Amino acid sequence: MSAVNDTKFQPAVFLLTGIPGLEDVHVWISIPFFLMYVTSILGNSLILFIIKTDPNLHEPMYIFLSMLAATDLGITISTMPTTLGIFWFNSREISHNACFAQLSFILSFSFTESSVLSSMAFDRFVAISHPLRYASILTMPRIAKMGLVSVLRGVGLIFPLPIFLKQYQYCQANILSHSFCLHQEVMTMACSDIRFSIIYGFFVTVSSAGFDLLFILLSYVMILKTVLNIASHAERLKALNTCVSHVCVVLLAYIPVICLSVIYRFMKSSSLLVQNVLGNVYLLIPPMMNPIVYSVKTKPIRVRIIRLFVK
């Protein structure tokens with residue numbers, strides 16, 4: 001009898017959601033989503049291609065930029081199949097294992113990107129505060145180690161989460177409010193005791209994204225301190241201008257995720273539409289905008305893109 005009850009109350013799949021209330025126009029909504037995905041994939045692939053093929057760009061700043069582009073590609077590819085599947089084919093069902101895998105990829109790439117952003121902040125700090133020691137501090141072996149640590153931390157911290165989720169019983173409503181799986185939401189679907197997942201999830205967020213954001217803020221405090229000691233106003237502006245692209249990317253990365261975390265933790269009564277929109281902004285906008293920001297604000301990248309298409 002208990003086996004029958006377990007089967008009855010244990011849903012085999014989760015149901016993903018497109019845009020709540022706009023199901024009738026999902027085909028039309030898919031057009032801007034598809035364009036954003038294409039822009040993200042082409043933009044980040046172009047950044048990787050240009051940096052790889054131009055020896056003059058084999059410098060720390062651009063190597064970190066290529067790492068950022070790679071993580072953006074990973075985030076885009078992780079969310080694209082389920083999102084477009086809903087808009088084009090109304091394919092809402094996703095198995096538990098596929099859902100756990102997707103949220104693991106999303107989190108791993110997101111936290112790896114956070115580490116890369118902190119490495120880029122360190123790069124700007126060294127370039128502005130210690131320009132004469134820049135090449136000796138940020139050597140290629142050291143950059144490679146920083147990249148490896150970023151990946152290992154992103155994967156290692158996230159690895160236990162799907163294992164925890166797989167042990168839970170899911171006997172509540174199985175309808176998710178996004179077109180992809182997010183850990184904050186999936187664990188609330190469980191009827192088991194999820195306190196450990198909540199505590200561990202909080203620990204992971206603080207020890208990765210929280211630490212990275214604090215490190216970035218401290219780096220820019222030191223950068224501003226150095227810039228204010230520069231006598232020439234023109235040189236101050238020149239130094240700060242090298243940081244504009246990175247600051248824009250940091251804001252694009254952290255503001256949506258902070259808003260989404262606040263909504264899930266403190267505003268549980270917020271509308272599904274608000275959660276859905278923020279979730280899409282969190283995972284779609286930064287990968288699309290990052291290559292655009294760096295293409296516009298970084299002259300060597302901009303010049304090489306122009307040369308690539310104007311021959």
Side-chain angles (χ1 to χ4, degrees), residues 40-41 43-76 108-155 157 208-209 211-223 226-227 238-254 257 286-305:
S40 178
I41 291 174
N44 287 292
S45 298
L46 182 61
I47 293 290
L48 287 171
F49 174 78
I50 288 174
I51 293 174
K52 183 179 186 303
T53 56
D54 192 335
N56 294 324
L57 297 181
H58 293 175
E59 299 177 1
M61 174 182 174
Y62 301 106
I63 293 174
F64 287 128
L65 178 56
S66 66
M67 294 180 188
L68 180 68
T71 58
D72 282 336
L73 277 175
I75 293 173
T76 299
S108 294
F109 283 118
S110 297
F111 287 135
T112 300
E113 180 172 271
S114 178
S115 297
V116 172
L117 289 175
S118 66
S119 299
M120 296 174 81
F122 179 69
D123 168 75
R124 291 299 84 206
F125 165 71
V126 175
I128 293 173
S129 300
H130 305 285
L132 299 180
R133 298 175 56 201
Y134 182 70
S136 62
I137 294 176
L138 287 173
T139 61
M140 290 303 171
R142 187 164 293 165
I143 293 171
K145 290 177 182 177
M146 293 170 69
L148 181 61
V149 168
S150 297
V151 173
L152 292 178
R153 192 185 73 163
V155 174
L157 287 175
S208 55
F211 174 81
D212 292 335
L213 183 57
L214 179 62
F215 182 82
I216 291 170
L217 291 174
L218 290 175
S219 297
Y220 275 100
V221 168
M222 299 302 294
I223 288 172
T226 301
V227 169
K238 183 179 178 180
L240 290 176
N241 190 53
T242 64
C243 302
V244 171
S245 298
H246 182 254
V247 171
C248 292
V249 168
V250 168
L251 294 176
L252 285 169
Y254 282 102
V257 71
M288 180 187 70
M289 291 301 300
N290 290 348
I292 296 175
V293 169
Y294 272 97
S295 298
V296 172
K297 294 298 297 180
T298 308
K299 184 177 179 180
I301 297 289
R302 184 173 68 250
V303 169
R304 280 153 184 81
I305 290 176

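Owing to the predicted nature of the structure, the values given are computational and were not obtained by experimental measurement.
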Worksheet entry | Verdict with supporting geometry, Ile50 and Tyr62, side-chain contact (heavy atoms from CB on, under 4.5 Å) | CA-CA 10 Å; Ile50 288 174; Tyr62 301 106; over 6 Å; no
Worksheet item: So Val244 and Asn241, side-chain contact (heavy atoms from CB on, under 4.5 Å) or not? Walk me through it.
Response: CA-CA 5 Å; Val244 171; Asn241 190 53; 4.0 Å; yes
Discussion item. side-chain contact (heavy atoms from CB on, under 4.5 Å) for Thr242 and Arg124? Distances and angles first, verdict last.
Written reply: CA-CA 8 Å; Thr242 64; Arg124 291 299 84 206; 3.5 Å; yes
Item to complete: Could you please spell out the steps behind the side-chain contact (heavy atoms from CB on, under 4.5 Å) verdict for Val116 and Met146?
Response: CA-CA 8 Å; Val116 172; Met146 293 170 69; over 6 Å; no
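Taking OG of Ser115 as the start and CG of Leu68 as the end, the distance is 12.0 Å to the nearest 0.5 Å. Going from atom CD1 of Ile223 over to atom CD1 of Ile128 covers 4.5 Å, rounded to the nearest 0.5 Å. Distance NZ/Lys52 to OG/Ser45: 13.5 Å, rounded to 0.5 Å. Interatomic distance, Phe122 CZ to Ile143 CD1, rounded to the nearest 0.5 Å: 10.0 Å. Note that the CE atom of Met140 and the NZ atom of Lys145 stand 14.5 Å from one another [nearest 0.5 Å]. In this structure, CG on Leu46 lies 9.5 Å from CD1 on Ile51, to the nearest 0.5 angstrom.
In plain terms, the two heavy atoms of Ala69 and Leu48 that are nearest each other are CB-CG, 3.9 Å. Closest approach of Ala209 and Phe111 over heavy atoms only: CB-CE2, 4.0 Å. The two residues Pro60 and Asp123 come nearest to each other via the heavy atoms CB-OD1, 3.6 Å. The two residues Asp72 and Ser40 have their closest heavy-atom pair at O-OG, 4.5 Å. Pro131 and Ser129 make their closest contact through CD-C, 3.4 Å (heavy atoms, listed as atom of the first residue, atom of the second, distance). Across Tyr134 and Met61, no two heavy atoms sit closer than the pair OH-N, 3.6 Å.
A donor-acceptor pair shorter than 3.5 Å cannot be found between the side chains of Thr71 and Thr112.
Atom CZ of Phe211 has 12 or fewer neighbouring heavy atoms from other residues, nucleotides or ligands inside a 6.0 Å radius.
Counting heavy atoms from C-beta outward, Ser114 and Leu213 have side chains that stay 4.5 Å or more apart. In this structure, Leu65 and Tyr294 have side chains that are in contact, with non-hydrogen atoms separated by less than 4.5 Å. Proximity of Arg133 to Val126: side-chain heavy atoms (C-beta onward) are nowhere separated by under 4.5 Å. Residues Val249 and Met120 form no side-chain contact, since every pair of their non-hydrogen atoms from C-beta on lies 4.5 Å or further apart. Residues Leu138 and Ile63 have side chains not in contact (no heavy-atom distance under 4.5 Å, counting atoms from C-beta outward).
Ring geometry, His130 versus Phe125: the interplanar angle exceeds 60°, so the pair is classed perpendicular (tilted spans 30 to 60°).
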